[in-house]
Amino acid sequence: MHTYRAHQDVSVLGDYLEVPGLGFLAVNAFVIHATQPVVVDTGLGLPDRDFAASLAEVIDPADVRWIWLTHPDRDHTGGLFALLDAAPQARVVTTFVGAGIMSTEHPLPMDRVYLLNPGQSLDAGDRRLTGFRPPLFDNPATVGILDTATGICLSSDCFGAPLPTPELASAHEAAAANPSDLRTAQLLWATVDSPWVHTVDPAKYAASFQPLRDFGPSAIFSTHLPPVTANTAAAFTTLLDAPHADPFTGPDQAALEAMLRNFQPT
Ligand SMILES: [Fe+2]
Ligand SMILES: [Fe+2]
């Protein structure tokens, strides 16, 4: 992981994964430097990752007050329990469904849970962080964040894109990617992560962007894209085309076997 300050009030704990055939997918977690510091998601759970150590480059983990779990997919929960140990004051912000999903593998201590639904706000001391349902999501527990103090949006999986190189997936600005390539990759990710997008009523889908448009974010921090710090409206425009993008079908067994043959030592 590498850490950097992407905004006056936001640090990024950046990571990425190679997705065979698709590219390199950023896997970001964040710290919102509110008076009650908020960690947003906790990264991958791979054995060589140490989320708490990366977090310590940004903030003393003991000072963390809130761990906002945008949804309990495994690329978001890697460091969760180690952080709960390291941050005795911290509570996990999630939904009833999110807590339920966690209970199927590693239950959350209920006295350290704070249930928050889209439309509700968390008091982080110097600001209120409002939950919202991103237009695209892959998990029913998904709740993104609108920070009215700074105008930033944390969008969970929405707006993500697998990028051609590790350098681009680790870039500090999504604009480092070629705009046309970025648009294609965002539409691809939309169909991979939210395959239901092909079944939606396009008008209702377009209307689902309205809360974000009304908010007019100054920056978008997606878990799966470098930060978007300019021209955020272009990101909305791109995703409006997702229902009409080609549906994604992953490699089947024959394709896997062909790939594995290529990996055989000669
Ligand atoms: Fe997800
Ligand atoms: Fe994710």
Side-chain angles (χ1 to χ4, degrees), residues 13 15 17 25 27-32 34 36-47 49 51-52 55 61 64-124 128-147 153-160 189-200 204-205 208 211-212 221-224 248 250:
L13 286 74
D15 202 350
L17 269 184
L25 185 67
V27 182
N28 299 322
F30 305 95
V31 176
I32 301 174
Q36 296 180 14
V38 183
V39 172
V40 182
D41 291 335
T42 60
L44 297 166
L46 293 169
R49 303 309 204 268
F51 184 81
L55 180 65
V64 174
R65 293 290 300 278
W66 304 100
I67 306 167
W68 188 307
L69 199 57
T70 68
H71 63 297
D73 283 355
R74 288 183 175 186
D75 52 326
H76 299 249
T77 59
L80 179 57
F81 289 96
L83 180 54
L84 277 170
D85 288 343
Q89 302 181 87
R91 293 172 70 182
V92 180
V93 181
T94 185
T95 66
F96 176 77
V97 171
I101 291 170
M102 290 300 297
S103 75
T104 64
E105 184 178 19
H106 193 155
L108 293 167
M110 291 311 286
D111 60 334
R112 300 193 61 187
V113 163
Y114 186 90
L115 296 186
L116 183 140
N117 289 320
Q120 296 183 318
S121 296
L122 178 75
D123 182 352
R128 297 186 72 76
L129 301 174
T130 301
F132 82 107
R133 171 61 46 82
L136 293 172
F137 56 91
D138 67 355
N139 184 304
T142 301
V143 183
I145 301 171
L146 302 176
D147 178 354
C153 161
L154 292 94
S155 65
S156 193
D157 287 1
C158 189
F159 300 107
W189 178 248
T191 66
V192 170
D193 200 51
S194 307
W196 50 263
V197 75
H198 301 298
T199 69
V200 298
K204 289 183 178 173
Y205 173 67
S208 74
L212 261 185
F221 295 99
S222 166
T223 320
H224 299 310
F248 173 75

## Note on the structure
When every non-hydrogen atom of Ser155 is compared with those of Pro134, the smallest separation belongs to O-CG, 3.5 Å
Report yes if some heavy atom in the side chain of [X] is under 4.5 Å from a heavy atom in the side chain of [Y]; otherwise report no.
| X | Y | answer |
| --- | --- | --- |
| Leu116 | Thr95 | no |
| Leu136 | Asp193 | no |
| Ile145 | Ile32 | yes |
| Asp41 | Leu69 | yes |

Determine whether a donor-acceptor pair (N or O, by modelled atom type, separation under 3.5 Å) exists between the side chain of [X] and the backbone of [Y].
| X | Y | result |
| --- | --- | --- |
| Glu105 | Met102 | no |
| Trp189 | Asp157 | yes |
| Arg112 | Arg91 | no |
| Asp73 | Asp75 | no |
| Ser222 | His224 | yes |

### Message
Suppose we screen for side-chain contact (heavy atoms from CB on, under 4.5 Å). Which residues come up paired with Pro37, at least two apart in sequence or across chains?
### Response
Ile59, Arg65
### Task
Measure from NZ or CZ of Arg49 to the centre of the six-membered ring of Phe51 and say whether it is under 6.0 Å with the direction within 45° of the ring axis.
no
### Task
Name the orientation class of the two ring planes belonging to Tyr114 and Trp66 (parallel below 30°, tilted from 30 to 60°, perpendicular beyond 60°).
perpendicular
### Query
So, do His71 and Phe137 have ring centers that fall under 6.0 Å from each other?
no
### Message
Measuring centre to centre across the rings, with the benzene-like ring taken for any Trp, is Tyr205 within less than 6.0 Å of Trp196?
### Response
no
